[in-house]
Structures are given as structure tokens and as C-alpha cells.
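Order of appearance sets the numbers: ligands from 1, and atoms from 1 within every ligand. Numbers here simply count residues along the sequence, with the first being 1. All of these numbers come straight from a predicted model, not from anything done at the bench.
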Amino acid sequence: MKLISASQLAISLAWISCASSLVIPDYNDLIISAESTKSSLSSSLLLLNQRQQSLSYYEILSNYLPSFLFQSKDEGDEEISFQGILNNIGGISSTLSETEVSKGAVIASPSKSKPDYFYQWTRDAALTIKSLIHYLDDEQFNSNDESTYSIKSIIESYIENNYYIQRLDNLSGKFNDDSKSGLGEPKFYPNNKPFERNWGRPQRDGPGLRAITIMSYISALNKYSQPFSNQFLNNQTFVYEEIIKPDLIYIIKNWYKEGFDLWEEINSHHFYTSITQLSALKSAINFIELNNYPESSEFLNQLNETYRNLKQFILFDSGYKSNTLPYIVETPSLLKSGKRCGLDAGTLLGVLHAHNLEFGDYDDIPFDIDSSYLINTLSAMIADMKYRYPINHSKIGFDKAIGVALGRYPEDIYDGYDTSEGNPWFISTASGSEIIYKFIHKLISNKQDIIINQQNREFFRQFIDFDKVPAQDLVTFIKEDSNTNTDVIIRFGSPTYKTLSYNLSSFSDSFLEIVKDHVDNNGSMSEQFNKYHGFMQGARDLTWSYSAVWNAFRWREKTLQLLDSTF
Ligand code: NOJ
Ligand code: NOJ
């Protein structure tokens, strides 16, 4: 019988606890109850091994992936995604009327019923506008280009629009009370009216995400010495004082309170909310310093103190990092109550949204893209969802890593219209790809050797055979003398390093290939795709789907260019 290591076991055990509430069609023989013993786990793994075919990863990939994915550029998908974003923003969209959707308001989807997503969510809007900022940065604000000009003006309309929205009284509270409670309101009508019906409120991630987006924009303007074009916004001090700073005050006053998660369902503490809030605080501290804002030392102290407290909370007090699990726990209270296993795409998205590589990234935000906790979260999500979603069953038995369609979290029952069974989502699947591309990018741009140790061994094992690495590709170290648990260190730039990087990028592409398989003939993307038959469902033309897929393609492009110029 195959021996399994402790970390592999931990991941598999996590799968068991997630699996306790599900029925896996066609794979009933793999269902393991929460009470399962270690021995039934081992026999299930054995069963799995027997199912494995002996095809190599390359053989599978070359049969499986169309050749375009190995070419350097795939503009088609990027462009469709980008247009999908613009279609959903007031003032630039040719299909939305300005009486219904104010200039600069970003609707989540044009769907007005079943489901009704015809609102501006603070979160979706901030994330989407950030993609547009990256586009301008990539294009270097080439002002002769008409589309660049209109994108600049749309970003600025979004900022102006948010000035109005921030000040609306709503069911989360007010703008002007001591804790700025109204800023926790998750969504508004796109004509800038408050939404006054029951909802999962407050959601405390919105202000931080908006602040990050607007600070990124100002940093990008400064990088290319560009002024605002929008008259209302006037100057950077106005935008800082009136729009960014209230959001920062919201975090300072509210970070320790419970609130609803990014999926709008659970009132508690959430990794996604905390890590993005922390990122907003750190961005602000750097931003004020870099731009020499005459900020009071009292406010700077508050920012620094909150940053330290929240970081302490994230790393030690919250339960996001458990002592027994190898992955990040998104909502620790649900793990504690036995309702969920803690795996959640909110973790993957949180890391992606909290680390802003472009405009001053910093190591002081924990759980970066190369953290073994993050990589193990992704691996455990894959391990779970490979079985959970029948459309992934064709991937069972591959002996090397391959992406699968990912959903929000194992226990999800939201089907895009109502509650029944959860499905894979485009944003989750695309984040698998973006994480791996950013991971490769970080390793290579820092010229980092790849350190393989107990925490990440199972992940890397899928890409190279440790026993076959030629001695000259390894950095030698003396195991007995070292305090680390290092197995091997792959030398930066060596042939093994190159193979590993390309294998990782094929892995990353395999998520994008799934995305491509499930879009419709025009490249349109809804929120989800059905776990049995793969057709799209839930809100049509979801802005966030387009933005997430565009981001993944953008990182693909950047990373492949870096790979080409390095090797
Ligand atoms: C709508 C929310 O936006 C979604 O995230 C949630 O899962 C469903 N309502 C069910 O509560
Ligand atoms: C439901 C999702 O759960 C939530 O995260 C999102 O903000 C809204 N839909 C709008 O897209």
C-alpha cells in the first residue's frame, strides 16, 4: 500500500470533513463519512491509485490542450473579457441608459430578474475598476489612444460616483457617525439610490477594496505624470481627504467587528475581509509617505496601530491559520461549529486582491502568493472539487497536477438563482490560474531558488521527480546542520528550474482551458457553470467574471514574457 505523508494526510482528511455532507454521483465508492478511520482513507486512496492510467502529464496535456494555449498571445479572450467589463459600466456602455445607470456606476450584471444583479456592489465595482487601471498601466497611459482616454475618464467617473454613494444614508448606517457605519453597505441601485430591503449587511470588505483601487489609480497617474481629467475630482488631496480617508477610518473603527462575508451569507470574521483590509491600511501608509501628504501624526499612528493589531489578529488570534490544517481557514467560526471545513475560494481571491504587485508591493502582508498555506489551500480545493463536481471527474486519476473547475466552497448550495447545489464559478477557476502565474512570476523576478520542504513537497512533487534532479541543478546544503526542513533546493536558472516553471505554467493554463470550455460561442460569461453538464448559469455577463478572467490572462502574458526572456 502506498504510504502517505503527514501533509498529504492532512489535506485528504480535510477533504473528508468537507465530504461529509455530499453525495458524489458515479463515485459513490469514494464517499467517506466524517467518522471514517484512517484505514478506510487508505483503502480509498488505493482505489484511486488503481484508477490511475499510466499516461504522463505531457501526454495528457498535449492531447488535452489546444495548441493556441502554448502560443505566447491569446488576445481574443482578453479582448472579449475587457469588452464584457465596459458593457457593464454606466457612461461607456452602449447598452445601458444613463437614467438607469449613473456614469461610472458598475453593475454586477445586466440581469434584472432571476437573479436580480442590477446593482452596484462596492466589492465587484472596486475589483473591476482595478482591472481597468492595470490596463492603463500596461498601456502606459498612451494618451493619443482614444480608448485609453475613455478608460481614464470612466475610472474617474467611478471615483466621482463613489463620492456620492459613500454619503447616502442606508440600512448599514450613516456616513457621518463616529464609525462611518454607512460605508459597510454592500450594494446600491445603479442610479445611486440606497437599497432598502433585507440583505447580508454590513459587509466590511468594500471600503478597503475601494481605497486600494483609488490609491492604485493615483499611484498610476503619478507614475506617468498624469493629472485627473475629471473636473469634479479636482486634485489628489481632495480625493484623498474626501473619498479615500473615510474608507480608512471605516477600517480603523470597524476591523475587529463581525460582518457578512464576500458571499453575503455569514455574519462572522472572514479571511477575505481581514486580509484586504490589512492591505488597504498598508497601502495607505505607503501612499501617504510616498506622496508626502501632510497627514497628522495622530492619524498616521492610528493607521500604523490598526495595521499592527489587524496583522496580529490575522496571524494569531483569528483562527485563519489553524494548528492542524495545512490550509487557510476562511471563516474559523464555521470550522469550529462543524458546519464547514474552512476551504474557500475567498481565500484565493483574498490573497490575489491583497497583494498589489504593481504599485508598491510589500512583504508585510502575510500569505503572499508563494505561501505554502495558500498553495495548500488551492491543492485542497482541487482535491475536493475534483470529486464534488461531476464535470471534473475526467481529471481523476491523472498522476500529475491538472486544473479543475473550482467553486466558492465545498458546502455551497447557491445555484445562481436559488439554493439547491453549488457549482463551479468562473472567478474561482480563473483565480487558480492567476495564483500559479503570479507564483512563477514572483519566483523568477526575484531570481529565487526554489526551496522544497515539508510544507510544499506534495505540491512540487506533481511537477518534478525529486530523485531525478541532476546534482548540478541543486543548491547543496547540509541537512543535519540546518534548522530547516528543506528537502532540496533547485538552483535558479538551471534546466530543472526551467522545466519546473514551464510545467507550472501548463498547470496554470489548464484552469484557463476550463474557462474557455464553458463560455458560450460569443465568449460570454455568467457567474457559474453547471457541475453536471457544464452549461453556464446564474447572472449572465457577470462583470466580475470578466474582470477575473482578464486578470488571469494578463498574468499569463506577463509571466510567459518573463519566462521567454529568462530562459
Ligand atoms: C445572493 C448572494 O449574493 C449569494 O452570494 C448568496 O449565496 C445567495 N444570495 C444565497 O444566500
Ligand atoms: C454574489 C456573490 O456572492 C458576491 O460576492 C457578489 O458581490 C455578488 N453576487 C454580485 O456579483
Side-chain angles (χ1 to χ4, degrees), residues 81 84-85 87-89 101 105-131 162 165 171-172 184-190 195 197-210 213 259-268 270-273 275-276 330-331 334 339-340 344-350 352-353 406-431 524-529 531 536-551:
S81 300
I85 296 175
N87 289 345
N88 289 348
I89 307 182
V101 183
V106 183
I107 53 164
S109 148
S111 174
K112 291 183 175 169
S113 68
K114 294 186 181 165
D116 182 4
Y117 271 39
F118 204 70
Y119 300 93
Q120 169 161 231
W121 267 264
T122 308
R123 171 181 41 258
D124 299 41
L127 296 172
T128 303
I129 295 294
K130 201 158 129 190
S131 294
N162 274 267
I165 284 179
L171 292 185
S172 293
E185 181 67 0
K187 68 175 191 180
F188 295 84
Y189 287 104
F195 171 73
R197 281 188 284 148
N198 281 348
W199 203 250
R201 60 164 69 83
Q203 293 174 24
R204 304 193 191 279
D205 56 335
L209 295 172
R210 174 167 51 211
T213 291
F260 279 81
D261 59 324
L262 81 162
W263 310 131
E264 317 189 288
E265 297 168 331
I266 307 288
N267 192 29
S268 187
H270 310 282
F271 177 81
Y272 181 85
T273 307
I275 200 83
T276 53
E330 214 285 336
T331 304
L334 293 174
K339 294 199 176 109
R340 289 197 197 168
D344 197 310
T347 300
L348 311 180
L349 293 162
L352 289 173
H353 301 162
L406 298 177
R408 297 197 295 185
Y409 51 90
E411 305 82 353
D412 196 4
I413 54 166
Y414 176 55
D415 60 21
Y417 310 106
D418 215 323
T419 48
S420 63
E421 293 181 303
N423 293 299
W425 282 46
F426 285 106
I427 58 173
S428 309
T429 308
S431 68
S524 297
M525 269 174 249
S526 304
E527 182 183 70
Q528 322 185 358
F529 42 102
K531 69 173 182 177
M536 295 195 296
Q537 68 186 62
R540 73 184 156 93
D541 291 304
L542 188 82
T543 321
W544 192 357
S545 296
Y546 291 120
S547 153
V549 169
W550 185 83
N551 291 346

Examine distances only and state if a side-chain atom of Thr273 and a backbone atom of Asp205 form a donor-acceptor pair shorter than 3.5 Å.
no
Between Tyr119 and Phe188, is the gap from one ring center to the other below 6.0 Å?
no
Could you walk me through whether Trp425 and Trp544 pass the ring pair (Phe, Tyr, Trp, His ring centres under 6.0 Å) check?
CA-CA 11 Å; Trp425 282 46; Trp544 192 357; 7.6 Å; no
Pairing donors with acceptors under 3.5 angstrom, does anything connect the side chains of Asp344 and Tyr272?
no
Which atom pairs, nitrogen or oxygen on both sides, join ligand 2 and the protein at under 3.5 angstrom?
from	atom 1	to	atom 2	distance (Å)
ligand 2	3 (O)	Arg408	NH1	2.9
ligand 2	5 (O)	Leu262	O	2.6
ligand 2	7 (O)	Arg123	NE	3.3
ligand 2	7 (O)	Arg123	NH2	3.0
ligand 2	7 (O)	Asp124	OD1	2.6
ligand 2	9 (N)	Tyr117	OH	3.3
ligand 2	11 (O)	Asp124	OD2	2.5

Is the Phe260 to His270 ring centre distance short of 6.0 Å?
no
For the atom pair OG (Ser547) and CG (Asn88), what is the distance rounded to the nearest 0.5 Å?
11.0 Å
